[in-house]
Undergrad: 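Take this structure first; my questions come after.
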Amino acid sequence: MKTTLYIQNLKDAGCEGVILKRLSELEHIKNISFKLPYSTITFEHHNKADIKVVKKMLSKIGYPPFGEKNTLGQKAKSYVRCTAGRIKTKEPAERIP
């Protein structure tokens, strides 16, 4: 099965790297891709329960799906994780098209 989710707080490649690392640790989740301009993540999974696990992980690391609460704490987590991911990938803060 393939699912696409709109997520909050997705800023740049640093965020993508963090999310990719964490979701790759989950069982049954593979072929993870992003569309940064649309704030979407697409992934393959085995069943509907996997979607709940992904949503829970995204919320935990600061990137809740749209429609879910986006607390100040989640925004701060995503900012810190995104910055750390950017440092690891040596990406600039903004992408130039």
Side-chain angles (χ1 to χ4, degrees):
M1 297 176 77
K2 192 175 200 178
T3 297
T4 298
L5 299 174
Y6 288 88
I7 59 173
Q8 301 177 74
N9 306 328
L10 182 62
K11 297 167 200 63
D12 57 29
C15 299
E16 290 176 356
V18 169
I19 294 168
L20 183 62
K21 180 181 179 206
R22 295 301 297 270
L23 293 186
S24 295
E25 296 169 355
L26 298 175
E27 190 175 2
H28 307 297
I29 307 304
K30 60 184 178 179
N31 297 325
I32 302 164
S33 63
F34 300 87
K35 287 193 179 176
L36 197 59
Y38 302 105
S39 294
T40 62
I41 181 171
T42 301
F43 56 94
E44 291 182 16
H45 55 92
H46 286 230
N47 55 50
K48 289 184 180 184
D50 294 332
I51 299 169
K52 290 181 182 182
V53 172
V54 168
K55 286 181 175 182
K56 186 175 180 178
M57 175 61 78
L58 289 169
S59 292
K60 180 180 177 181
I61 62 174
Y63 302 95
F66 275 94
E68 293 188 12
K69 196 171 190 177
N70 189 14
T71 67
L72 182 58
Q74 287 172 312
K75 291 175 187 177
K77 278 184 191 179
S78 71
Y79 179 79
V80 170
R81 290 179 193 274
C82 190
T83 301
R86 194 176 314 122
I87 291 169
K88 287 180 184 178
T89 61
K90 299 180 182 170
E91 283 282 327
E94 294 182 26
R95 284 189 176 175
I96 299 172

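For this chain, numbers begin at 1 and follow the sequence in order.
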Undergrad: Would you find more than 12 non-hydrogen atoms of other residues, nucleotides or ligands less than 6.0 Å from Tyr38 atom OH?
TA: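 Not more than 12 within 6.0 Å, no.
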Undergrad: Rounded to the nearest 0.5 Å, how far does CD1 of Ile61 lie from CZ of Arg22?
TA: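 Nearest 0.5 Å value for the CZ-CD1 distance: 6.0 Å.
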Undergrad: From Phe43 CZ over to Ile29 CD1, what is the distance, rounded to the nearest 0.5 angstrom?
TA: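 The distance works out to 5.5 Å.
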Undergrad: Does Glu27 have any salt bridge (charged side-chain N to carboxylate O under 4.0 Å, His left out) partners at least two apart in sequence or in another chain, and if so, which?
TA: none
Undergrad: Distance-only, no hydrogens or angles: does the Asp50 side chain make a donor-acceptor pair with backbone N or O of Val53 under 3.5 Å?
TA: no
Undergrad: Evaluate the side-chain proximity of Thr71 to Lys75: yes if any heavy-atom separation is below 4.5 Å, no if none is.
TA: no
Undergrad: Look at the side chain of Lys30 and the backbone N and O of His28, then say whether any donor-acceptor pair between them is shorter than 3.5 Å.
TA: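 No: the side chain of Lys30 does not pair with the backbone of His28.
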Undergrad: Side-chain contact, heavy-atom cut-off 4.5 Å: Val54 with Leu23?
TA: yes
Undergrad: Is there side-chain contact between Glu16 and Leu36, with at least one heavy-atom pair below 4.5 Å?
TA: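 Yes, close enough: below the 4.5 Å cut-off.
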Undergrad: Looking only at non-hydrogen atoms, find the nearest pair between Tyr63 and Leu10 and report the distance.
TA: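 Heavy atoms only, the tightest pair is CD2-N, 4.2 Å.
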Undergrad: Rounded at 0.5 Å granularity, tell me how far OG1 in Thr3 sits from CD in Glu44.
TA: 9.5 Å
Undergrad: On a heavy-atom basis, which atom in Asn9 and which in Ser78 lie closest, and how many Å separate them?
TA: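 Taking every non-hydrogen atom into account, CB-OG, 3.2 Å.
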Undergrad: Would you compute the distance between atom CD1 of Ile41 and atom OG of Ser33 and round it to the nearest 0.5 angstrom?
TA: 7.5 Å
Undergrad: Can you measure from CG (Asn47) to NZ (Lys52) and round to the nearest 0.5 angstrom?
TA: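 So the CG of Asn47 and the NZ of Lys52 are separated by 10.5 Å.
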Undergrad: Are side-chain heavy atoms of Ile19 and Phe34 found at a separation under 4.5 Å?
TA: yes
Undergrad: Hey, what do you get for CG (Leu58) to CD1 (Ile7), rounding to the nearest 0.5 Å?
TA: 5.5 Å
Undergrad: Applying side-chain contact (heavy atoms from CB on, under 4.5 Å), name anything that partners Ser59, two or more places apart in sequence or on another chain.
TA: Pro64, Pro65, Glu68, Gln74
Undergrad: Okay, side chain of Lys77, backbone of Lys60: is any donor-acceptor separation there less than 3.5 Å?
TA: yes
